[in-house]
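Everything on this sheet refers to the single structure shown next.
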Amino acid sequence: MGKTNLGDYLNKKKLRTILYLSLFIKIILIFYIGDESFVEEWKILLSNLKNFQSLSFYAIDGYRLVPSVYMPPLYTFFLYFFYFLANFNDFLAVKIILIFQCVLSIITAQFFYYINRIYFSEKLSVFLTLIFFFYPLHFYASTQISSITLQVFLFTMFVYFFLQIKHNKNYIYFGIISSCLVLIRGEFLILFIICLIAWYFELRKLNKILISILITFILITPYIIRNYNNFGQFVITKSLGFNLWRGNNVIADLNGTIHPEWTYPNLIKEKSEILNYLKKNNKIYLYEIYIDDNFKKRAINNIKNDPIYYFNLYLKKLFSFVLYNYNSNYPNYYNPLVVAPEIIYSFLGLIGFIINLINKKKLYKVTILYLFYIFLIPTFFILPRYKLFILPLIIIFIGIFIKYILSNKNSFKKTI
């Protein structure tokens, strides 16, 4: 084994040691800062799955369950699987889930290392993997009942297979992972289509593209059929309207803060009219569909009535997402251990992104993924965990920045 190979081996061994040690630390933290029970929407969804075998959130008049299509179902079923294994014991199920999420975070880091090795040296890849894994919010997220750990895991795998799509049977794995992401992120179907177009222009292999599409749609078909049977529509999720309104209503801020319904003009009246109409026509099962459509109509009317105001609001949200949220109301967001890394990572990543744009050898695929999210998310609202969607991409751009600095430093040394 040569000197370089030995150094690579030692670097990888060091990375594994640190990751396994951090897994042990995370598992300990689960019992100190981790959630102890299911809360909010997860509690309701799991309770209805357990007691009524129905994926439902709303109970109209306190007893009529309405089939739910508001949230993509994958994380709910992920939770329910462990809930079932734990014999429906909340505390035990939650702790098992959190431990499993911690393991997922380690696997995510390993895949992120493989992504970095496509572009960078062994040492730089190890460094970037560690700053990815120990990003405070990312390190903390797996100790909480939140879909973000599963999302980042799937998205990191998606990025890897997208970047390596021409190798072996990666197009098959690409289709499988894409189906999971469609079932966990409402907007991902759009990104999937964009990536397929980019893939076609890169390889011109329509047969593999069609196989990936076929795999994806076969895996999501059962849920689509379920929704068609319930709502008469081919739909995966129905939350666009609410999320658009949440970030574009008359008292909206950067964070999508929800106030009591009476503070929004005519909202209670409109929801009451919708409910009465559905009851009268025996269409109560369409409650979430009609409510979301109403929210979408309200949001679009707001934007049409004052486009300059909402465009300025969009620009503020864009700045908050790309760099940092200067007006966040999220608890503990301004803790230096939270906000300082976000500002540093975001700023260095933005510099790396600009360097990437002016380079002759651009990372086109990474750029497509990054631009999709930084322009899409501000259309709605900004939460701290949303930064984790693009954290792998930000750190790749940080790698480009570091590589640029090191290469110019070496070039400078050769001239003196």
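What you are looking at is a predicted structure, and each value in this text was computed from that prediction instead of being measured. Residue indices begin at 1 and follow the sequence shown.
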**Message:** Checking E187 now: which residues fulfil side-chain hydrogen bond (donor to acceptor under 3.5 Å, both in side chains) with it, not counting sequence neighbours?
**Reply:** R185, Y373
**Asked** Side-chain donor-acceptor pair under 3.5 Å between E342 and Y333, yes or no?
**Response** yes
**Item:** Stepwise side chain to side chain contact (heavy atoms under 4.5 Å, CB included) test for V235 and Y228
**Value:** CA-CA 7 Å; V235 61; Y228 183 79; over 6 Å; no
**Asked** Relative to the ring of Y75, is the ring of W42 parallel (under 30°), tilted (30 to 60°) or perpendicular (over 60°)?
**Response** perpendicular
**Asked** Is K403 positioned over the aromatic face of Y119, cation under 6.0 angstrom from the ring centre and no more than 45 degrees off axis?
**Response** no
**Fill in**
The ring pair (Phe, Tyr, Trp, His ring centres under 6.0 Å) partner of F353 among F397, F401, Y404 is F397
**Message:** Quick check: W199 with F174 (ring centres under 6.0 Å apart)?
**Reply:** yes
**Asked** Would you say the ring centroid of F100 lies under 6.0 angstrom from that of F82?
**Response** yes
**Message:** Show, in sequence, the C-alpha distance, side-chain angles and deciding distance for Y58 and Y287, and conclude whether the ring pair (Phe, Tyr, Trp, His ring centres under 6.0 Å) test is met.
**Reply:** CA-CA 9 Å; Y58 291 105; Y287 179 74; 5.3 Å; yes
**Asked** Can you tell if the side chain of S346 reaches within under 4.5 Å of the side chain of V322, non-hydrogen atoms only?
**Response** no
**Asked** Can K95 be said to sit on top of F31's aromatic six-ring, NZ or CZ under 6.0 Å from centre and within 45° of the ring axis?
**Response** yes
**Request:** For the residue pair Y135 and Y345, categorise the inter-ring angle as parallel (less than 30°), tilted (30 to 60°) or perpendicular (more than 60°).
**Result:** tilted
**Request:** Applying side chain to side chain donor-acceptor pair (under 3.5 Å), run through S147 and Q151 and close with a yes or a no.
**Result:** CA-CA 6 Å; S147 62; Q151 290 175 29; 2.5 Å; yes
**Prompt:** Y290 pairs by side chain to side chain contact (heavy atoms under 4.5 Å, CB included) with which of L286, D292, D293?
**Reply:** L286
**Message:** Tell me every residue that passes side-chain hydrogen bond (donor to acceptor under 3.5 Å, both in side chains) with K316, counting only those two or more places apart in sequence or in another chain.
**Reply:** none
**Message:** Working to the nearest 0.5 angstrom, can you tell me the gap between I115 CD1 and T108 OG1?
**Reply:** 9.5 Å
**Request:** May I ask you to check whether F161 and Y171 place their ring centers less than 6.0 Å from one another?
**Result:** no
**Message:** Are F389 and Y386, when compared by the centres of their aromatic rings, separated by less than 6.0 Å?
**Reply:** yes
**Request:** Give a yes or no on whether Y330 atom OH has more than 12 heavy-atom contacts from other residues, nucleotides or ligands under 6.0 Å away.
**Result:** no
**Asked** Looking at L150, L154, I148, which hits side chain to side chain contact (heavy atoms under 4.5 Å, CB included) with V152?
**Response** I148
**Asked** Rounded to the nearest 0.5 Å, how far does CZ of R298 lie from CG of N266?
**Response** 6.5 Å
